[in-house]
Every structure is written in C-alpha cells, then in structure tokens.
2 protein chains.
Amino acid sequence: MDRRQRKTREAIFGAFTALLAEKDFEHITVGEIIDRADVGRATFYSHFETKDFLLKELCAELFCHISDAVEENCDHKHIFDCVAPDSAFLHLFMHLQKNDNGILELLSSRNNGLFLRYFKDNLMRFAENQLPHFISEKNKSLPKSYLVNHIASTFVETVHWWLTGGRKESPETMTGYFLAVL
Amino acid sequence: MDRRQRKTREAIFGAFTALLAEKDFEHITVGEIIDRADVGRATFYSHFETKDFLLKELCAELFCHISDAVEENCDHKHIFDCVAPDSAFLHLFMHLQKNDNGILELLSSRNNGLFLRYFKDNLMRFAENQLPHFISEKNKSLPKSYLVNHIASTFVETVHWWLTGGRKESPETMTGYFLAVL
DNA sequence: AATAATACCGAACAGTATGTTCCGTACAGA
DNA sequence: TCTGTACGGAACATACTGTTCGGTATTATT
C-alpha cells in the first residue's frame, strides 16, 4: 500500500477516534474529521464511501486486532475452538484491560451502543464454539441459536457493566462474574 | 390540552411510527414526517425540539403504556413488586404478543438498537424488584447492580431473539427460555 | 535519473436537511 | 361573541453531504 494512503488512512482513523471519545457518532461531521486529520475533503471520500463505512472499518480493525492478540497470547492455538471458557474469556478481559488502541474509550463513550453491537456480532462465532461448555441439564433442550445469542450478549453486557462501573474489578473477577451467571 | 394540539401530536406520532417501520431513524427527515402527518413545518418544531426528542417521547409513551397494561392484567397489583417472575415476564411477553401500538414493528425494525435500549432502561427498575427471586447459591456473592443489569439485558436479548426469529414461539415458551438461562 | 502513475490539495459546486421567522387564517375555550 | 393561540404556508439563513476539477507533490517503475 502506498505510504501516502497509509498515512492519510491513519490520520483519519486517529481524528475519528478522538472525536468519538468527545461526542456522539451522529453529531460528528465529515468536516470535523478532515479538519482534525488535516486532510482534503475529496481525499476522505476517496478512502471511505461514507461516515458509516469509516465506522465499520474502524470497528473491524479493532476487533480483528483483539482476536489476533488473544490468539497469540494462547500460543497460536485457536483459543475459542479448543480452550476452556474461563481461560478464553479471561484472555478477552485481560486484553481489554490492557486497553490497546484506546478501544475502551470507544466502548465506554456515549457511542457504546454502536460498538457493543459490533462487539457482539464478532463474539457470536466465538460463542458458537464455546457452546458445548455451557450446555447443562437445565438448558439442553433450548434452541442452539438462543443459547449462542445469550452467551455473546451476556459477555457484552458484562463488559459494559465493567466499563460503566469504572473498571475497578480485575479480569479474573469479571470472568468469575460472567461464568457465575451462565 | 387543546384538541388541535392533541390531533397534530397524534398525527406526527402516527406518521413517525409508520416511517420507522420502513426505514432507519437516521434516514427519516423532518420533511417526510410532516408530509405524511400533513402538518406544517413550524408546527412540528413547536411540538418537538428535534427529531431525537420526538423519538424519546414516543418511546416513553409506548413503554408507559406497556407498564400500565401489564399492571391492569394483574388486577391492579404492582406486578413487578410482588408477583412471581414467571407470571410477571409472561405477562410482558403476552402484551408484546398482542402488539398494541405496533410496538413490535419498532422493536424488530432496523431501529431495534434504539428501542431495545429504551426498553432495557425501563426494565431496570422492574429487574430490581424481581432480584430476590433470582438469587441463588451460585450468584449470591455477586454485586447486586451486576445481577440487575444481567436480568434486564437478558430479557431484552430474549425479546430481541424472539423478534428476529419471526415470533414463532408462544409467550409461555419464551418465558420458559428466559427463566431457563437465569 | 527520467518517466509514468497516482494520491493529494483546495476550492467550488449542486443538492438536501435543519431550524427559524413571518403573517394571515381558523379554530378552541370562556 | 370574543380573546387567545395553534396552525399553515412560504421563505429564509445555515450547515452538511458527496462530487468535480485542475494543479502539485510523492510514489513506484524502468
């Protein structure tokens, strides 16, 4: 990729991220983004079709980065395929704790609805692989898709509660909470 | 309240509701609303400060209406204060099933993110009253606010799953699912 | 080093949405 | 009947979007 392209792309992502920490996504204008990124208007639109696509790509990068990092921590195993749930989700919490890329600012900002939604979408396939670990006598007759949805959304809601509460608990504690209610 | 005010208010709500069933909230313009409601532009803005406030007031009316109806069904008892959880949540599902005010169209449209959020906010205080019914050996040491949040969001996610799946299950079945995972 | 390709800027552009203001009309409640 | 006020219609300034253009600087290619 052309170095110029990479630079402007990063400048736009940076400006956009900073703005997201300040105000609602809906109230951010392209004008503000290009001002802060110091980039021409036409340049912006040559990179991103609309503001929504910019958000989508940002989310994709962030969550993709999380997945990669979690898998690395786990000796290149496909963590969500084979590892026990406490370990898998603990690593997710730990990576969030590290707060790379300022992902926590985004998840806890006023825009958290948007991000948590993307977060959940990305978690669904993980939850699917984790499903066998959560089957019990009580829920084994329930539809699989309902259980998968429940696992993913419970994790997202747990993260959300953690963030809005100021992230006082350790990743270990949060993993404990999460597993206790499932 | 002046009959004229009431009429235009209802006309706007009606037009807005119909539009919400067709497209995203963000892509609905004030122009479209007042066209369909057959109302002057200035009139709209004398009723609602912005489009966001219109949404807020619509949600408030709908959820207020649900709460009232559920309480009536229950012989004017404060259902969420005193009734067993299966009964309380069953009544909620049944009222949703009846689909008054087209609330289901709103909850299942592309706008569901917004509405489910309001829905959850309204459920939080109910979940608080229901909390004692959900305390178990396993979760009794967890923070109360975490459990309340978990109950409310699990219910919302259950409704969401129900809606996106086409509402094929009966309210009794859904209540069963909901209680099984808690 | 010379060349071709292309990413960029900046400015301008039409199109559309917002929220406000005005005055004349029609309806409500007393 | 009378007074207040909600309404309609239209115009308005302002702001944001997404596109277009010609000129410049940087990149990759040879």
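Proteins come first, then strands; the chains are lettered A, B, ... in the order of their sequence lines, and each starts at number 1.
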Checklist entry - Yes or no on salt bridge (Lys or Arg N to Asp or Glu O under 4.0 Å) for B:E137 and B:K140, after CA distance, side-chain angles and deciding distance? => result CA-CA 6 Å; B:E137 270 308 307; B:K140 66 177 180 185; 3.3 Å; yes

Next on the checklist: I'd like to know whether B:Y45 forms a ring pair (Phe, Tyr, Trp, His ring centres under 6.0 Å) with B:F53, so could you lay out the CA-CA distance, the side-chain angles of the two residues, the decisive distance to 0.1 Å, and finally the verdict.
Outcome noted: CA-CA 10 Å; B:Y45 282 105; B:F53 282 103; over 10 Å; no

Checklist entry - Where do A:F63 and A:F119 land on the ring pair (Phe, Tyr, Trp, His ring centres under 6.0 Å) test, with the steps shown first? => result CA-CA 7 Å; A:F63 293 126; A:F119 197 20; 5.3 Å; yes

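Distance, A:K51 NZ to D:dA15 C1': 13 Å, rounded to whole Å. Residue A:D52 contributes atom CG, which lies 12 Å from atom C1' of D:dT17 at whole-angstrom precision. Note: CD (B:Q5) to C1' (D:dG4) measures 12 Å, nearest angstrom. Taking atom CZ on B:R9 and atom C1' on D:dT5, their separation rounds to 18 Å, with Å as the unit. Taking atom CG on B:L54 and atom C1' on C:dT18, their separation rounds to 15 Å, with Å as the unit.
Ring centers of B:W162 and B:Y177: at least 6.0 Å apart, outside the cut-off. For A:F13 and A:F48, the ring centers sit closer than 6.0 Å to each other.
Of the charged side-chain nitrogens involved, none lies within less than 4.0 Å of a carboxylate oxygen, so that A:E49 and A:K56 do not count as a salt-bridged pair. A salt bridge links A:R9 and A:E57; the closest N-O separation between the charged side-chain nitrogens and carboxylate oxygens is under 4.0 Å.
Counting any heavy atom pair closer than 4.0 Å across all strands shown, B:H47 reaches sugar-phosphate atoms only and no base atom.
Near DNA chain C, meaning a heavy atom under 4.0 Å from it, residues 32-44 of chain B has B:R41, B:A42 in order of number.
In this structure, B:K51 satisfies the cation-pi test against B:F25, with its NZ or CZ atom closer than 6.0 Å to the six-membered ring centre and inside 45 degrees of the ring normal.
Side-chain nitrogen and oxygen atoms of A:Y45 include none within less than 4.0 Å of the OP1 or OP2 phosphate oxygen of D:dT19. For B:T8 and D:dA6, the shortest distance from a side-chain N or O to OP1 or OP2 is not below 4.0 Å.
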Strictly under 3.5 Å: I want the nitrogen or oxygen pairs between protein and nucleotides 28-30 of chain C, one per line.
unit_1 : atom_1 : unit_2 : atom_2 : d
C:dA28 : OP1    : B:R3   : NH1    : 2.9

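Remark: A:N149 CG to B:T154 OG1 distance equals 10.0 Å, nearest 0.5 Å.
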